[in-house]
Amino acid sequence: MAALSKSIPHNCYEIGHTWHPSCGLSFVHITRGALEESLKIYAPLYLIAAILRKRKLDYYLHKLLPEILQSASFLTANGALYMAFFCILRRGLLTIYMANLATETLFRMGVARGTITTLRNGEVLLFCITAAMYMFFFSFCFRCKDGLKGFIFSALRFIVGKEEIPTHSYSPEAAYAKVEQKTEKHEEKPRRMNIIAVVRKLVDSICKHGPRHRCCKHYEDNCISYCIKGFIRMFSVGYLIQCCLRIPSAFRHLFTQPSRLLSLFYNKENFQLGAFLGSFVSIYKGTSCFLRWVRNLDDELHAIVAGFLAGVSMMFYKSTTISMYLASKLVETMYFKGIEAGKVPYFPHADTIIYSISTAICFQAAVMEVQTLRPSYWKFLLRLTKGKFAVMNRKVLDVFGTGASKHFQDFIPRLDPRYTTVPPELPIEFS
């Protein structure tokens, strides 16, 4: 820990904004680039969201632009103000490094220092635990006011279906009555034989004589076809989502590399996400049906077991980002429920404080140890700052022992000696 007491004589130009000696102009460069990229991100995002939500003309005329500018200014401030305070706090090198005390608790930095041993498939285990808790809250929602609400509940209802919400006042006679009513409706209005109808009919014919427990609420299907249809539906959703995410990059190379359009449909990640979502739903539904058969009742406790087993589906699409995000949202949900129940105190502006601390940790890593930062977030920072984050003079930061220049060994900034406190190292010229 001796590195904590070290100091360096370099100024903010020699370390931070190496592309220009003026703090003011460097701040303008960062702000301009960040604003441009923020508008590119949020303008289409809000426009697409407005179209999907079928907003009225009044929204486009009076609310769309202010919302875009609000979000863009928020993101711009993240990049611009960091550089501003980097210059204002000129003895801030030690201050920046002191933030390392907080970052040592982060998993990636702990692994880099050898203080934490990685657990094989740890993100899958975390997702299993998180999924178990989410599905318990989801199944508990109609019986108690403490269940999930809002977007999370709507998303889970879309994924697994409202049939998986237990109702203990279940009447088998009512279920069979509903089946008869729906059968009569289908007889009155024959379906058109489109592709979806053909596939559905094929699945029905395969699983026509399968069993269905009296406690199961999937009235039209037996337990086998219920699981198969759940897999097909969510596999299709996952496949289409991944295709849509790849559309911008595919069309960017439409004229230069037309063959890359094929990767839009035949890509490994498309099938991985589809398999992840499809298997999650089918395992969850299958386990729920199995437990109803074994215990002869419908119980929200089944959701814990089914959710945990369904979490194994992440083996098809391993993602630490998804696991950590969902776990964080779960903690947030439980915290707010604790506030509603009067069990935990409410802290004003806690979200702002947590966001500020998280941003400080990420920016600390971006300066002092890029190798511990999530690669996608590092690319985002480069995009947001037009590559300026990569031209910091990290070699002088190596004295702190974090390997700051590990991925920047060949970079030597071209500094103007008139504005430096230490004679600059001359860049190597190659003939």
Side-chain angles (χ1 to χ4, degrees), residues 16-17 23-89 99 148-155 158 241 244-245 247-249 252 321-322 324-333 335-336 339-340 346-367 373-374 376-389:
H17 47 90
C23 297
L25 287 178
S26 298
F27 171 75
V28 171
H29 295 160
I30 292 291
T31 304
R32 183 175 58 193
L35 180 59
E36 180 181 336
E37 290 301 322
S38 299
L39 290 174
K40 288 181 180 179
I41 293 171
Y42 284 111
L45 182 65
Y46 275 95
L47 183 59
I48 293 173
I51 295 173
L52 293 177
R53 293 177 180 177
K54 299 179 180 179
R55 297 284 194 180
K56 296 181 179 179
L57 180 61
D58 183 67
Y59 174 82
Y60 293 94
L61 295 177
H62 301 100
K63 295 182 179 180
L64 178 61
L65 183 58
E67 288 185 1
I68 293 174
L69 293 177
Q70 182 181 15
S71 296
S73 60
F74 160 75
L75 190 57
T76 301
N78 276 263
L81 292 181
Y82 179 81
M83 183 55 65
F85 282 100
F86 188 91
C87 296
I88 293 171
L89 303 173
L148 292 176
K149 300 174 184 177
F151 174 77
I152 296 178
F153 170 71
S154 300
F158 171 78
I241 288 175
C244 292
L245 292 176
I247 286 176
S249 60
R252 194 179 303 135
T321 303
I322 294 176
M324 292 296 296
Y325 175 77
L326 292 177
S328 300
K329 292 296 292 183
L330 178 62
V331 172
E332 179 188 52
T333 300
Y335 170 69
F336 281 113
I339 293 175
E340 292 176 3
Y346 171 72
F347 298 97
H349 309 295
D351 53 348
T352 304
I353 296 172
I354 293 173
Y355 179 81
S356 299
I357 294 174
S358 301
T359 303
I361 291 172
C362 291
F363 276 58
Q364 142 74 15
V367 175
L373 198 64
R374 186 184 303 162
S376 59
Y377 187 72
W378 171 242
K379 291 179 181 178
F380 170 73
L381 289 179
L382 291 180
R383 179 184 171 188
L384 189 65
T385 61
K386 295 294 185 180
K388 297 294 192 298
F389 232 134

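The structure presented is a predicted model; accordingly, all values stated were derived computationally and were not measured.
Every side-chain contact (heavy atoms from CB on, under 4.5 Å) that Leu69 has, sequence neighbours left out, goes to Leu39, Leu65. Judged as a side-chain contact (heavy atoms from CB on, under 4.5 Å), and not counting sequence neighbours, the contacts of Ile51 are Leu47, Tyr60. In this structure Lys63 satisfies the side chain to side chain donor-acceptor pair (under 3.5 Å) test with no other residue, sequence neighbours excluded. With sequence neighbours excluded, the residues that form a side-chain contact (heavy atoms from CB on, under 4.5 Å) with Thr76 are Thr31, Ala34, Leu35, Ser38. Thr385 pairs by the side chain to side chain donor-acceptor pair (under 3.5 Å) definition with nothing, not counting sequence neighbours. Under the side-chain contact (heavy atoms from CB on, under 4.5 Å) criterion, Phe347 pairs with Tyr335, Pro345, Ala350, sequence neighbours left out. Every residue two or more places apart in sequence or in another chain was checked for a side chain to side chain donor-acceptor pair (under 3.5 Å) with Tyr42, and none qualifies. Residues satisfying the ring-ring contact (aromatic ring centres under 6.0 Å, His included) criterion with Tyr59, sequence neighbours excluded, are absent altogether. Checked against salt bridge (Lys or Arg N to Asp or Glu O under 4.0 Å), Lys388 has no partners two or more places apart in sequence or in another chain.
Between Leu373 and Cys362, the closest heavy-atom pair is CD1-O, 3.7 Å. Nearest heavy-atom pair, Lys386 versus Gly33, reported as atom, atom and distance to 0.1 Å: CG-CA, 3.8 Å. Scanning both residues, Ala366 and Leu381, for their nearest heavy atoms gives CB-CD1, 3.7 Å.
Between the side chain of Ser73 and the backbone N or O of Gln70 there is at least one donor-acceptor pair closer than 3.5 Å.
Here CZ of Phe363 is found 5.0 Å from CZ of Phe389. Values are rounded to the nearest 0.5 Å.
Counted within 6.0 Å of CD on Glu67, heavy atoms from surrounding residues, nucleotides or ligands total more than 12; the atom is thus considered enclosed.
Judged as a salt bridge (charged side-chain N to carboxylate O under 4.0 Å, His left out), the pairs with a partner in residues 38-56 (not counting sequence neighbours) are, in order, Glu36-Lys40, Glu37-Lys40.
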